[in-house]
> 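Here you go, one structure.
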Amino acid sequence: MTIVTRFAPSPTGFLHLGAARTALFNWLYARHHGGRFLLRIEDTDRKRSTTQALDAILDGLRWLGLEWDGDWVSQFARRPRHAEAAERLLAEDKAFRCYCTPGELAEMREKALQAGRTRLYDGRCRERHGAEAPSGTAPAIRFKAPLDGESVIDDLVQGEVTVANEKLDDMVLLRGDGTPTYMLAVVVDDHDMEITHVIRGDDHLTNAFRQYQLYLALGWEAPAFAHIPLIHGADGAKLSKRHGALGVESYRDDGCLPEALANYLLRLGWSHGDDEVIDLQQATAWFDLDAVGRSAGRFDAAKLENLNGHYLRAADDRRLVDLVMPRLADELAGQLAEQHAITVEARLEQGMAGLKERAKNIVELSENAMFYARKRPLPLADKALALLDSEARRHLAGLRPGLDAAVDWKADALEKLLRRFSDEERVKLGKIAQPLRAALTGAAASPGIFEIMEVLGKEETLGRLDDAIQGA
RNA sequence: GACCCCGUCGUCUAGCCCGGUCCAGGACACCGGCCUUUCACGCCGGCAACGCGGGUUCAAAUCCCGCCGGGGUCACCA
């Protein structure tokens, strides 16, 4: 049997973390088993569905590297097929027309809630015939849910879960306006798309029982279910906008690398012994549902950040340059004209190894790289300014002729030169290196200073040095 | 409220199914230290958990029961 999974978001918002993880698990499960991973957009709610949301979801999936097989399916486009299924159930007396008004329904709900019943609908239209149908109301089609017995689902994550059928409501299949409800649409679509494994959030667990009954009524084989725990905010409550249930694109904008987010999401709720750093390829080889935990996890930004730093250090230099350049251009607005941009890009590529060692995300990386992009004279941070006292400037002035005379402008040669100079002056290397750092980068912390001199080149280095020596 | 699910360091988790190897292991965070021209990285060390109460057993994080706590679901939303 070929395994077929699907991710079925509704295009009413961005791709938030919980949804992204659901997509990831579906993708991994399909890939691991050599199956297919399909995408279905649940856009039956026309009022809330937007194309912006759809684009955000598609972009988010692509950014994370979760490509789906074939074209995505629009649930809305399949509504004739949904209606057909509802009509068939009606014909087979497994469903009925319901003429109840919203007012009646509200009354029933209140009554049921008061009595502590889960079955809200009282079944009053079950046996009502067409002839007695009140005119003027467009009837909805309701499912005749079983009144007794129990439904059992052998969930791949939650285990065997049983619910008494009397708790299952006569749910609406087709609304009065003829549009299908979610409950009907998922079942019909999952069946038609030949989905073998439905992997989704825990919040759908109770829906699974209603859907299971529908499969039974329709005479179809139900897929295997796997309900994965939800992701909670740091305070333990359901992840909401309040605690940054943001779209994956906002993590990207904040400097997150997709492989880091994927790794983080993977480890939140799934584990493979003591392994922590697991890329998508390794995950594909290892992933299976039996290692998915049953309890909800809390979102931990610090752990994501740590993972991000790891992947950042491992990332290709050229790729990072491409990620950093737009941010620098943005910050320097206009100052990064073409000729200078070429120079900066070359510097970044050369200096990236030292830069990426010191950043946890692309934003930080860009900030740290700023001194390679700025033109003279450099703005000096307070700490840099403090480093450049009169004594320091005297040292730098003393150092200048030696640098000017240097023929071999390479990091190791420059280091020898500096060390010799500090020996001769009988001062610690730090007394020279720190002011030099301040002069060349405008900051008190940076990559290795000799490496920076090499990347900057002799002319720029001496220029920045002069700025600092003469500086007020 | 009813139904369902969950409960190991602050957080993610290993161990639980098949009780002893667990005075509970790893990772992140935090706190020391080393390395070092700075900051990082790296390395070394430290802090820190089986929700509570009963059983069963020679022995329980592991099995059973109760309680408590957290979460989810109860629409002509998805």
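Below, read A as the first sequence line, B as the second, and so on, with proteins coming before strands; counting in each chain starts at 1. Everything numeric here is computed off the predicted structure, so don't read it as measured data.
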> Among B:rC74, B:rU37, B:rG26, which nucleotide sits nearest the side chain of A:E276?
B:rG26
> Please give the nucleotide sitting opposite B:rC23 as a Watson-Crick or G-U wobble pair, both distances under 3.5 Å, or none.
none
> For A:P447, what residues pass the side-chain contact (heavy atoms from CB on, under 4.5 Å) criterion, not counting sequence neighbours?
A:L355, A:R358, A:F371, A:E451, A:I452
> Could you go over nucleotides 45-49 of chain B and give all protein N or O partners under 3.5 Å, atom names and distances?
none

> May I ask you to test the A:V157-A:F225 pair for a side-chain heavy-atom distance under 4.5 Å?
no
> Of the nucleotides B:rA75, B:rA78, B:rU13, which has the atom closest to the A:R109 side chain?
B:rA75
> So if I take every side-chain heavy atom of A:S10 and compare against B:rC3, B:rC39, B:rA78, which nucleotide ends up nearest?
B:rA78
> Heavy atoms only, 4.0 Å cut-off, all strands: where does A:H227 land among base, sugar-phosphate and nothing?
nothing
> Would you please say whether a donor-acceptor pair under 3.5 Å links the side chains of A:D202 and A:H227?
no
> Expressed in whole Å, how much space separates the P atoms belonging to B:rC63 and B:rG70?
24 Å
> Tell me the partner of B:rC74, counting only Watson-Crick (N1-N3 plus N6-O4 or O6-N4) or G-U wobble (N1-O2 and O6-N3) with both under 3.5 Å; none if nothing fits.
B:rG1
> Picking from B:rU37, B:rU38, B:rA78, which would you name as closest to the side chain of A:Q75?
B:rA78
> If you only use heavy atoms from C-beta on, which nucleotide in B:rC6, B:rC39, B:rC74 is closest to the side chain of A:A445?
B:rC39
> Which pairs with one or both residues in residues 152-187 of chain A pass ring-ring contact (aromatic ring centres under 6.0 Å, His included), sequence neighbours excluded?
A:Y182-A:H204
> Could you please name the partner base of B:rC68, counting Watson-Crick and G-U wobble pairs only when both distances are under 3.5 Å?
B:rG7
> Counting only Watson-Crick pairs (N1-N3 plus N6-O4 or O6-N4) and G-U wobbles (N1-O2, O6-N3), all under 3.5 Å, who is the partner of B:rU36?
none
> Give one of base, sugar-phosphate or nothing for A:E357, where a contact means two heavy atoms less than 4.0 Å apart.
base
> Tell me what A:M171 touches on the nucleic acid: a base, only sugar-phosphate, or nothing, going by heavy atoms under 4.0 Å.
nothing
> Heavy atoms only, 4.0 Å cut-off, all strands: where does A:S446 land among base, sugar-phosphate and nothing?
base
> When all nucleic acid strands are considered with a 4.0 Å heavy-atom cut-off, which category describes A:T179: base, sugar-phosphate, or nothing?
nothing
> Between A:F299 and A:Y264, is the gap from one ring center to the other below 6.0 Å?
yes
> State which of B:rA29, B:rU13, B:rC6 makes the closest approach to the side chain of A:Q158.
B:rC6
> Starting the side chain at C-beta, find the nucleotide from B:rC12, B:rG25, B:rC4 nearest to A:D274.
B:rG25
> Indicate, with a heavy-atom threshold strictly under 4.0 Å, whether A:R267 touches base, sugar-phosphate, or nothing.
base
> Within a strict 4.5 Å, meaning less than it, do heavy atoms of the A:V321 and A:M352 side chains meet?
yes
> Quantified in whole Å, what is the C1' atom distance between nucleotide B:rG20 and nucleotide B:rC30?
34 Å
> With respect to the side chain of A:V163, which nucleotide from B:rC3, B:rU37, B:rC76 is positioned closest?
B:rC3
> Does B:rC16 pair with anything, Watson-Crick or G-U wobble, both distances under 3.5 Å, and if so, with which nucleotide?
none
> If pairing requires Watson-Crick or G-U wobble contacts with both distances under 3.5 Å, which nucleotide is the partner of B:rG45?
B:rC31
